[in-house]
Amino acid sequence: MSTIYAEATPAGRGGVSVVRLSGPEARLIAEAIAGELPVARRAELRSLRDGELIDRALVIRFDEGASFTGETVVEFQLHGAPVVVRRLQEALRARGARLAEAGEFTRRGLLNGALALSEVEALSDLLAAESEAQRQQAMRVVSGELARWAEGLRERLVRAGALIEVSLDFADEEVPDEVPDEVFELLDSVRADIAAAVAGLPAAERLRAGFEVAIVGPPNAGKSSLLNRIARREMALVSDVAGTTRDVLELHTELGGLAVTFLDTAGLREAEDFVEGLGVDRARDRAGQADLRLHLSEDGRAVEELYQDGDLVLRSKADLGGRGISAVTGAGVSEMLEELRRRLAERVAGAGLVTRKRQADALEDALAVLAVRRGQPAELLAEALRQASHRLSEVVGKIAPDDYLDEIFSRFCIGK
């Protein structure tokens, strides 16, 4: 396997840049540039040379079997100038290392057994996280919580299997040959835990993807003004001319820890020209697909054709008198946002550790295998437990099809 390198910090000028080197020749290549390396996991200052002094940098070595990739890894913490990083990379390349592909460091960690597939999936989610809830969700799996949960289920199955084996091995002895009641108690608890985990997948997927809230209503209802108020900047063009907004504007933000995209849509009315008509049609389509719609109008009425249970209906322009919200003064906006947060939070209340369909499929397979009943031969019960245990190991996963791995790692950056 080749030795790879990549910049682990964002490209560009900064205080510090980190370049990683991993593979079978990592130590030899690093020593050719930095001299004798520090003891493992200890950072020391070294002069990096390639005929001439490249930089003075902190160097850290991680030994094979005790690194992120499972290989020998050397990290160089350089001064954050692009020219310094480029010069070091030239020196690494001249000694046989090659630039890593996207996600190749993490892929090697998976293939070398340093990472489980579930941890790789969660790491991908962590790198893409835009909200605190998404970060927390990903970190639970990255830290091994899903693996520990699945292993706990497998331990109960092992216990049940051992009890069944006793009844088989001692069928001709004085030990009763009936399957003990404890076996079925263990199976009931495992099945209940699996069913609850699978049921939480839709909420977990929604939490990972984030929510869309469409602001809908007639022209001049104050939709764009409200978007600007939420964004705290001038995002959308605002005027008294009906039909000003013709495309869907998106505001990505965080609402009480949840990732939310607000959609400012065209005013819903009979369009006066072709382009406005396209905007109205697009507004209807996006609003219909959104997780929730915020209906805004001066009379406080919902857009009936788009209304769904859970939508929020408000009266706008309260600054002109009456109750409602005002994008001009901000009256009622914070209360509106809190209500939106509450409604969206309810939809992810059941989110658990299972965040991918692949994981849920493995759990459902295990659940199907465990559809056993009292009175069945002990040999069949024992085989069902073995198969279910295998399915549970697939939830965490040490291996996966190449096409699935390619799809996962395509979202990683070069240095990860």
Side-chain angles (χ1 to χ4, degrees), residues 8-10 102-103 106 118-147 149 197 199-216 223 226-236 248-265 286-287 289-294 308 310-312 314 325 327 330 332-360 407-413 415-416:
T9 45
T106 308
S118 60
E119 295 170 342
V120 171
E121 292 167 328
L123 185 57
S124 173
D125 294 338
L126 181 62
L127 294 174
E130 296 180 339
S131 73
E132 178 62 15
Q134 290 173 328
R135 183 195 67 80
Q136 291 176 352
Q137 180 190 51
M139 281 306 303
R140 291 179 67 188
V141 183
V142 168
S143 64
E145 191 170 340
L146 176 62
W149 175 81
L201 175 64
E205 287 183 320
R206 186 72 271 161
L207 182 61
R208 190 176 82 245
F211 293 96
E212 282 193 348
V213 175
I215 307 174
V216 299
K223 301 184 296 299
L226 180 59
L227 186 76
N228 290 340
R229 169 64 67 170
I230 297 171
R232 298 183 180 180
R233 58 188 172 91
E234 293 297 318
M235 254 193 77
V248 177
L249 297 179
E250 299 185 2
L251 168 63
H252 302 278
T253 187
E254 185 173 344
L255 199 59
L258 301 175
V260 179
T261 299
F262 284 94
L263 308 176
D264 178 24
T265 62
R286 288 294 301 274
Q289 297 170 15
D291 298 285
L292 187 149
R293 282 140 297 280
L294 171 58
Q308 298 180 27
D311 285 357
L312 186 60
L314 293 172
I325 66 171
V333 173
S334 60
E335 291 81 1
M336 175 204 74
L337 293 175
E338 173 56 27
E339 179 61 21
L340 288 174
R341 184 210 61 78
R342 185 189 67 78
R343 296 189 185 196
L344 295 176
E346 288 179 351
R347 302 189 184 191
V348 295
L353 292 170
V354 177
T355 61
R356 301 271 176 167
K357 188 177 185 301
R358 179 197 66 79
Q359 300 163 0
E407 192 274 331
I408 288 290
F409 290 119
S410 67
R411 297 195 291 270
F412 279 67
C413 58
K416 197 66 174 176

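Just so it is clear, the model here is predicted, and its values are computed rather than measured.
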Rounded distance (nearest 0.5 Å) linking atom [atom1] of [X] with atom [atom2] of [Y]:
X    : Y    : atom1 : atom2 : result
L353 : L146 : CG    : CG    : 5.5 Å
L292 : F262 : CG    : CZ    : 9.0 Å
R293 : D311 : CZ    : CG    : 4.0 Å
S334 : I325 : OG    : CD1   : 10.5 Å
L294 : M336 : CG    : CE    : 5.5 Å
S118 : W149 : OG    : CH2   : 11.5 Å

Pairing residues for [X] by the side-chain contact (heavy atoms from CB on, under 4.5 Å) criterion, not counting sequence neighbours:
X    : result
E130 : Q134
E119 : L115, A116
A122 : V141, V142

Non-neighbouring partners of [X] that pass salt bridge (Lys or Arg N to Asp or Glu O under 4.0 Å), sequence neighbours left out:
X    : value
E338 : R341
R347 : none
R342 : E339, E346

Which atom pairs, donor and acceptor, lie under 3.5 Å between side-chain atoms of residues 251-260 and protein residues at least two apart or in another chain?
| residue | atom | partner | partner atom | Å |
| --- | --- | --- | --- | --- |
| H252 | ND1 | T261 | OG1 | 2.9 |
| H252 | NE2 | E250 | OE1 | 3.4 |
| E254 | OE2 | E132 | N | 3.1 |

Closest heavy-atom contact between [X] and [Y]?
X    : Y    : result
A327 : L226 : CB-N, 3.6 Å
A214 : A287 : CB-CA, 3.7 Å
E121 : R358 : OE2-NE, 2.8 Å

Using side-chain hydrogen bond (donor to acceptor under 3.5 Å, both in side chains) as the criterion, list what pairs up with [X], not counting sequence neighbours.
X    : answer
Q137 : none
E335 : none
E145 : R140
D291 : R206

_Minimum side-chain heavy-atom gap T355-L201 below 4.5 Å_ =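 SC-SC contact between T355 and L201 ruled out.
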*So, do Q136 and L126 sit near enough that their side-chain heavy atoms are less than 4.5 Å apart?*
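Heavy-atom side-chain distance check fails, nothing below 4.5 Å.
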Mark yes or no for whether [X], through its side chain, and [Y], through its backbone, hold a donor-acceptor pair below 3.5 Å.
X    : Y    : result
R208 : A203 : no
R286 : L263 : no
R232 : R229 : no

*Show your reasoning for whether side chain to side chain contact (heavy atoms under 4.5 Å, CB included) applies to F211 and L340.*
CA-CA 11 Å; F211 293 96; L340 288 174; over 6 Å; no
